Amino acid sequence: MTPADTGASTVVDAAPAAPAVPDSTGSSGSSDSRMTPGGPGYRRMSFALFLAGVATFALLYSTQALLPLISGDLGVTASDASWTVAAATGGLALFVLPMSALSERFGRRTVMTASLAVAVTVGLLVPFAPSLPALVALRAVQGAALAGLPASATAYLAEEVRPRALVTAIGLFVAGNSVGGMSGRVITGWVAQEWGWRVAVGVVGLVAVACAVAFRLLLPAPRHFTPGSLRPRVLVRTVRDHLANPLLRRLYAIGALFMTVFGGVYTVIGYRLTEAPFSLPQGLIGSIFLVYLVGTVSASTAGRLVGRLGRRGALYLGAGTTAAGLLLSLAPSLPLVLLGLVLITAGFFAGHAVASSAVGKTAQHGRAQASALYQSAYYVGSSAGSTVGAVAFHSGGWAGTVGVGVLAVLGVVVITVSGSLAARRAAGTPVRALSLPR
């Protein structure tokens with residue numbers, strides 16, 4: 001396979017990318033040695049990246065369910081405590097592009113392994129933070145370290161998995177994110193109720209260590225990666241090319257807006273549930289995050305959803321489901337709030353899986369950079385959602401946080417519609433779907 005086929009070499013030279021390698025499942029009958037469901041190495045690869053997703057989200061959001069306890073222990077407000085989440089996601093957003101460049105030179109598996117190693121080491125230091133500034137600083141370093149995972153994993157899949165299986169493979173990685181987010185919050189909730197938030201985040205760090213070791217042992221060595229040199233000028237040119245692509249810009253914005261909703265809701269929900277009329281203990285609040293299992297299902301089935309509805313239909317369904325969940329969560333009834341969280345989670349993970357897989361298919365060169373830009377926008381949305389959602393809650397209660405989320409969902413719908421209209425104008429004929437490749 002040529003370097004252009006992998007999408008890696010565009011960071012090395014300015015040569016135009018060659019056409020993508022045809023899928024061997026097509027009528028051409030061409031041999032394609034990339035992995036496919038049921039084929040050699042696919043299960044090991046899927047499980048390894050699933051565990052990487054578990055570790056990433058468990059560490060990244062390890063303090064989110066504990067914010068009320070952190071506020072009480074350190075004597076800070078909800079908006080101040082929310083910086084322990086925003087710093088981690090912000091660090092990831094800032095460093096995901098440089099880390100993706102390193103993965104072009106040193107390899108996807110190497111960068112992912114190093115990133116997890118640093119992140120879990122910092123995770124074991126977080127429980128000993130003596131103050132909020134120290135805690136926020138450690139969380140920022142942890143987020144920066146984790147930046148090597150998302151874009152590298154997506155690029156690894158784009159290079160090692162056949163195109164027709166890409167949405168499903170990325171959906172499984174995103175499903176690992178949801179399991180990590182869920183398990184981290186559930187574990188910390190119950191552990192913190194008995195032994196405090198410091199012990200809770202320490203336990204999450206130990207779980208992440210186990211995931212990191214298993215990931216390194218299981219992930220197959222890449223077979224279709226071609227290393228490149230770290231030339232900033234060419235990297236800048238590649239990034240500029242991606243940002244000049246209207247379709248990629250829309251996908252980046254969609255990812256950021258979906259994550260704005262998700263980050264705001266799950267940063268603030270713990271505060272809401274500790275207040276009347278719910279007044280739940282910390283253990284039960286942590287258990288609320290079991291609804292992440294819904295995200296595991298919706299992300300892993302994103303490929304089938306796109307097959308039935310098309311990508312525009314899948315994005316509309318994700319946005320509509322998320323909006324319905326936001327409105328339902330306004331009810332002063334715990335069962336309705338839980339149902340609202342289920343809908344928000346399902347809609348978010350479906351929309352994220354669809355948008356992120358579309359980035360991998362759209363970028364014909366510099367896939368790591370294209371994915372890195374998506375992840376950067378995605379985690380900027382998370383940081384913005386965590387901070388703005390907490391500020392809105394402080395000033396307007398849960399309704400304020402929901403209002404921020406609804407505005408973000410409307411943004412997803414507007415961008416999706418504008419993409420469809422732009423495609424129609426460009427083609428001069430009606431289009432069936434948002435201008436995303438099928």
Side-chain angles (χ1 to χ4, degrees), residues 53 56-68 70 78-94 96 136 139-140 142-143 146-147 150 174 177-178 180-182 184-185 188 252-273 285 288-289 291-292 294-295 299 318-319 321-323 325-326 329 340-353 355-356 374-394 396 398 400-412:
T56 299
F57 257 46
L59 290 172
L60 195 62
Y61 294 101
S62 59
T63 63
Q64 194 173 56
L66 305 174
L67 293 181
I70 293 173
S79 57
D80 289 336
S82 71
W83 280 102
T84 64
V85 179
T89 55
L92 193 153
L94 287 174
V96 68
V136 170
R139 294 284 290 151
Q142 192 173 48
L146 288 171
V174 174
N177 294 167
S178 70
M182 176 204 69
R185 291 161 170 92
T188 56
Y252 298 154
I254 286 171
L257 289 169
F258 266 123
M259 195 53 169
T260 297
V261 181
F262 199 69
V265 165
Y266 278 101
T267 294
V268 173
I269 190 64
Y271 288 99
R272 189 190 184 203
L273 295 178
I285 291 175
I288 296 299
F289 292 94
V291 299
Y292 263 51
V294 176
T321 302
T322 303
L326 285 167
S329 71
L341 290 176
V342 166
L343 295 177
I344 292 168
T345 303
F348 161 73
F349 275 105
H352 168 42
S356 60
Y374 176 84
Q375 296 293 337
S376 181
Y378 175 79
Y379 285 108
V380 164
S382 178
S383 294
S386 299
T387 303
V388 177
V391 171
F393 180 78
H394 182 72
W398 182 249
T401 302
V402 168
V404 171
V406 169
L407 287 175
V409 171
L410 288 175
V412 171

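Predicted, not measured: the structure shown is a model, and the values here were computed from it.
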Could you check if a side-chain atom of F262 sits within less than 4.5 angstrom of a side-chain atom of Y266, using non-hydrogen atoms only?
yes
How long is the straight-line distance from CD1 of I70 back to OG1 of T84, given to the nearest 0.5 Å?
4.5 Å
Hey, which of I269, L326, V291 is the one that makes side-chain contact (heavy atoms from CB on, under 4.5 Å) with I344?
L326
Exercise: identify the closest heavy-atom pair between L343 and G325
CB-CA, 3.7 Å
Give the minimum heavy-atom separation between A392 and T401, together with the two atoms involved.
CB-N, 3.9 Å
About how many Å separate OG1 of T56 and CD of Q142, when rounded to the nearest 0.5 Å?
10.0 Å
Looking at side-chain heavy atoms only, is the closest gap between F393 and T267 below 4.5 Å?
no
Can you tell me how far CG of L92 sits from CD of Q375, rounded to the nearest 0.5 angstrom?
7.5 Å
So, taking the atom named CD1 in I285 and the one named CG in L66, what distance separates them when rounded to the nearest 0.5 Å?
10.0 Å
S383 versus M259: any side-chain heavy-atom pair under 4.5 Å?
no
Looking only at heavy atoms, the pair that brings Y379 and A93 closest together is CB-CB, 3.9 Å
Ring pair (Phe, Tyr, Trp, His ring centres under 6.0 Å) partners of Y61, counting only residues at least two apart:
F57
If you take all heavy atoms of A319 and V409, which pair is closest and at what distance?
O-CG1, 3.3 Å
To the nearest 0.5 angstrom, please state how far the CZ atom of R139 sits from the OG atom of S62.
4.0 Å
Would you say V265 and L341 make side-chain contact, with heavy atoms under 4.5 Å?
yes
Over 60° means perpendicular and under 30° means parallel, so tell me whether H352 and Y378 are parallel, tilted or perpendicular.
parallel
Do W83 and T387 have side-chain N/O donor and acceptor atoms under 3.5 Å apart?
no
Tell me, please, which residues at least two apart from A256 pass side-chain contact (heavy atoms from CB on, under 4.5 Å).
A377
Output for pair (Q64 CD, S386 OG), nearest 0.5 Å, gives 6.0 Å
What is the minimum heavy-atom distance between A355 and I254, and which atoms define it?
CB-CG2, 4.2 Å
Check: Y271 and L67 side chains under 4.5 Å, non-hydrogen atoms
yes
Give the minimum heavy-atom separation between G405 and V261, together with the two atoms involved.
O-CG2, 3.4 Å
